[in-house]
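This report refers to the structure that appears directly beneath it.
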Amino acid sequence: MSVSVVLFTSDLRVHDNPVLRAALRESDRIVPLFVADDGVRDAGFDAPNRRAFLADCLADLDASLRSRGGRLVLRRGDVVDQACSVAASVRAYRLHVAAGVSRYALRREERLRAALAEAGRELVVHDAVVTAIAPGRLTPSGGDHYAVFTPYFRRWSQEGVRVAVGAPRTVRVPDAAEAPGIAGEPLPSRAKITGVSEGLAEGGETAGRRRLRAWCSGGLGRYEAGQDDLAGDATSRLSPYLHFGAVSAAEAVQRARRRPGPGADAFVRQIAWRDFHHQVLAARPDASTADYRPRGDRWREDTAEIAAWRAGRTGYPLVDAAMRQLRHEGWMHNRGRMLAASFLTKTLYTDWRVGARHFLDLLVDGDIANNQLNWQWVAGTGTDTRPNRVLNPVTQGKRFDPRGSYVRRWVPELAEVPDRYVHEPWRLKDEGGAPAGYPADYPAPIVGLSRGRDRFERARGA
């Protein structure tokens, strides 16, 4: 009897999972394995929201495997030690895993390959499982990666996305007699995890596929026109499922392209942005912590301003609404992310790493490639071709939340402020005859926008 181990990482699904399919194709039995990795916890990435969403994903994956005759084996500890122990206990010749791009994923792969080889076993790494197109597959002439999105997207659009594979009908696993040492630990439960955002979405492949189906049949057609409408909530909200691999990026592209139109094009472009950041990080792993394009910044560190930004108490309604949505849902609208990041890095001139860390502490879709490189893009230290652009929260609010509905949802202190003042309530102090005074429980702006912009431009020499 031949046995292979499938090490699930960021591919927590049975549909369109090339790792699972390859192992089933080559072996009589497989061991589906997930390791609650000490390294992830020690690195500070084991945040409550992601841990809760992960618990949902693992429970759903286990249920899907059981319905096909298998089950998920959960181990805790060092991922290499546990994976090698399981492989040895079932005399597996190969271990299959999806390719990653972070420094941690690359080190994990190196350690796994070396440890397995020492025992006469083989590591098989599968590309284009986490992304639609594998990082490194598209390269410009004379370079190892694309540093600007537009030329990357042109090549990406011309490249064929692999055909999505269906879920297996049967998952064959060793029984107790064949593998007496294969016992795992109980799966985690969301209910036992503290510090979870009240509005955190349900995790798992079943929920993700339900959302994908509803999105493609409904919201997709309106996406191009509504993607920046903060109050309209007209985005797919698929990012957490893509992050955990509960939904396949390749399948999402294929499903969207079956419904051609501006909405599908805009949605597919966002998935291409995700792939773009993965290929940048694959080529420059240190970009997770170091400036991709250093600008000579000497960042300020005003602890009171940073605390106000984190709490959604800056005095700028749209910034505050976005930060409060993040805390309540563990998720934030993309336009809100850009605005909150611009305010911190350019208006307050605070190091992007401070903001990126806060986002990783709360975001359920907190992904090293996309979180860090989007922060760098906004801060002007990344791939943005206009590194000194500054987003104005007032003009952004008037454009993308013209009636203040998004602001009023998340900043109830401004519920009675008229539309014309909702993005600049401080004007109520200056104009007589306003129907309501400045809200007593809402802070004044912590810095003037002109002052913040001037300070940033002087520091950058812009």
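In what follows, residues are counted from 1 in the order of the sequence shown.
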Candidate pair R162 and E251, rule salt bridge (charged side-chain N to carboxylate O under 4.0 Å, His left out), full reasoning: CA-CA 9 Å; R162 64 170 178 76; E251 185 180 4; over 6 Å; no
Would you check, one step at a time, whether the test side-chain hydrogen bond (donor to acceptor under 3.5 Å, both in side chains) holds for Q376 with T381? CA-CA 5 Å; Q376 290 224 47; T381 63; 2.6 Å; yes
Applying salt bridge (charged side-chain N to carboxylate O under 4.0 Å, His left out) to R337 and D365, what does each step give before you reach the verdict? CA-CA 12 Å; R337 298 186 199 207; D365 60 15; 2.8 Å; yes
Set out, in order, the CA-CA distance, both residues' side-chain angles and the distance that settles salt bridge (charged side-chain N to carboxylate O under 4.0 Å, His left out) for R71 and D62, then state yes or no. CA-CA 5 Å; R71 68 184 179 92; D62 181 57; over 6 Å; no
Could you walk me through whether R211 and S236 pass side-chain hydrogen bond (donor to acceptor under 3.5 Å, both in side chains), step by step? CA-CA 8 Å; R211 185 176 290 275; S236 72; over 6 Å; no
For R324 and E329: C-alpha separation, side-chain torsions, deciding distance, then whether salt bridge (charged side-chain N to carboxylate O under 4.0 Å, His left out) applies. CA-CA 8 Å; R324 296 184 194 188; E329 295 187 356; over 6 Å; no
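In this structure, Y223 has its ring center under 6.0 Å from that of W215. Aromatic ring centres of F53 and F244: separated by under 6.0 Å. Note: F34 and F8 fail the aromatic proximity criterion, with ring centroids not under 6.0 Å apart. Remark: aromatic rings of Y316 and F343 are close, center separation under 6.0 Å.
Looking only at side-chain heavy atoms (C-beta outward), I306 and V354 come within less than 4.5 Å of each other. Under the 4.5 Å side-chain criterion, counting only non-hydrogen atoms from C-beta, P186 is not in contact with L74. In this structure, the side chains of V390 and S342 come closer than 4.5 Å at one or more pairs of heavy atoms. No side-chain heavy atom of F456 sits less than 4.5 Å from a side-chain heavy atom of T345. Within the 4.5 Å cutoff, the side chain of N334 has heavy atoms near those of the M338 side chain. Two residues are said to be in side-chain contact when any heavy atoms from C-beta on lie closer than 4.5 Å; R209 and H15 meet this criterion. For the pair M323 and H358, the minimum side-chain heavy-atom distance is below 4.5 Å. At least one side-chain heavy atom of L212 sits under 4.5 Å from a side-chain heavy atom of L238.
With hydrogens and angles disregarded, no donor-acceptor distance shorter than 3.5 Å links the side chain of R357 to the backbone of W352. Proximity of a side-chain donor or acceptor of S248 to a complementary backbone N or O of A250 within less than 3.5 Å is detected. Judged by distance alone, the side chain of Q279 and the main-chain N or O of F276 form a donor-acceptor pair under 3.5 Å. Using a distance-only test at 3.5 Å, with no hydrogens or angles considered, a donor-acceptor pair links the side chain of R50 to the main chain of L360. Using a distance-only test at 3.5 Å, with no hydrogens or angles considered, no donor-acceptor pair links the side chain of R259 to the main chain of L220. Not a single donor-acceptor pair under 3.5 Å links the side chain of D384 to the backbone N or O of V378. Between the side chain of S197 and the backbone N or O of L200 there is no donor-acceptor pair closer than 3.5 Å. A distance-only check finds a donor-acceptor pair linking the side chain of D56 to the backbone of G203 [under 3.5 Å]. Counting only distance, with no hydrogens or angles, the side chain of D275 and the backbone of I133 share a donor-acceptor pair below 3.5 Å. Between the side chain of H126 and the main chain of V19, no donor-acceptor pair closer than 3.5 Å is present.
E198 has no carboxylate O lying under 4.0 Å from a charged side-chain N of R327, or vice versa, which leaves the two without a salt bridge. A salt bridge links D38 with R41: the distance from a Lys NZ or Arg NE/NH1/NH2 to an Asp or Glu carboxylate oxygen falls below 4.0 Å.
For the residue pair T139 and D144, no side-chain donor N or O sits within less than 3.5 Å of a side-chain acceptor on the partner. Counting only N and O atoms by type, the side chains of W309 and D320 include no donor and acceptor under 3.5 Å apart. Under the 3.5 Å distance criterion, with hydrogens and angles disregarded, no donor-acceptor pair is assigned to the side chains of Q227 and T235. Side chain to side chain, R335 and Q396 meet the donor-acceptor criterion of an N or O pair below 3.5 Å. Looking at R293 and T383, their side chains never bring a donor and an acceptor atom within 3.5 Å of each other. Side-chain N/O atoms of Y241 and E205 include no donor and acceptor closer than 3.5 Å.
With D401 as the partner, the side chain to side chain contact (heavy atoms under 4.5 Å, CB included) test is satisfied by one option alone out of D228, D229, V407: V407.
By the 6.0 Å and 45° rule, R300 does not stack over the aromatic ring of Y349. Taking the ring centre of W375 as origin, the terminal cationic atom of R353 falls outside the region bounded by 6.0 Å and 45° from the ring axis.
Across every non-hydrogen atom of T131 and R274, the tightest pair is CA-NH1, 4.0 Å. In terms of heavy atoms, A132 sits closest to V161 at O-CG1, 3.9 Å. In this structure, D441 and R313 approach most closely via the heavy-atom pair O-NH1, 3.0 Å. Closest approach of P135 and V101 over heavy atoms only: CG-CG1, 3.6 Å. Smallest separation of non-hydrogen atoms from S189 and A55: C-CB, 4.1 Å. A52 and V196 make their closest contact through CB-CG2, 3.8 Å (heavy atoms, listed as atom of the first residue, atom of the second, distance).
Distance check, rounded to the nearest 0.5 Å: NE2 of H423 to CG of N392 gives 11.5 Å. Between the NE2 atom of H277 and the CG atom of N370 there is a distance of 6.5 Å, given to the nearest 0.5 Å. Atom CZ of residue R310 and atom CG of residue L344 lie 8.5 Å apart, to the nearest 0.5 angstrom.
The environment of CZ in R222 is sparse: at most 12 heavy-atom neighbours from other residues, nucleotides or ligands sit within 6.0 Å. Remark: R389 CZ is packed, more than 12 non-hydrogen atoms of other residues, nucleotides or ligands lying under 6.0 Å away. Residue R399 qualifies as open at atom CZ: its count of foreign heavy atoms under 6.0 Å is 12 or below. Other residues, nucleotides and ligands contribute at most 12 non-hydrogen atoms within 6.0 Å of the CD atom of E301.
Y292 and H145 have perpendicular rings, their planes meeting at more than 60° on a 0 to 90° scale where under 30° would count as parallel. Ring orientation note: the planes of W331 and H333 are nearly perpendicular, at an angle over 60° on the 30°/60° scale. Ring orientation note: the planes of W410 and Y406 are nearly perpendicular, at an angle over 60° on the 30°/60° scale.
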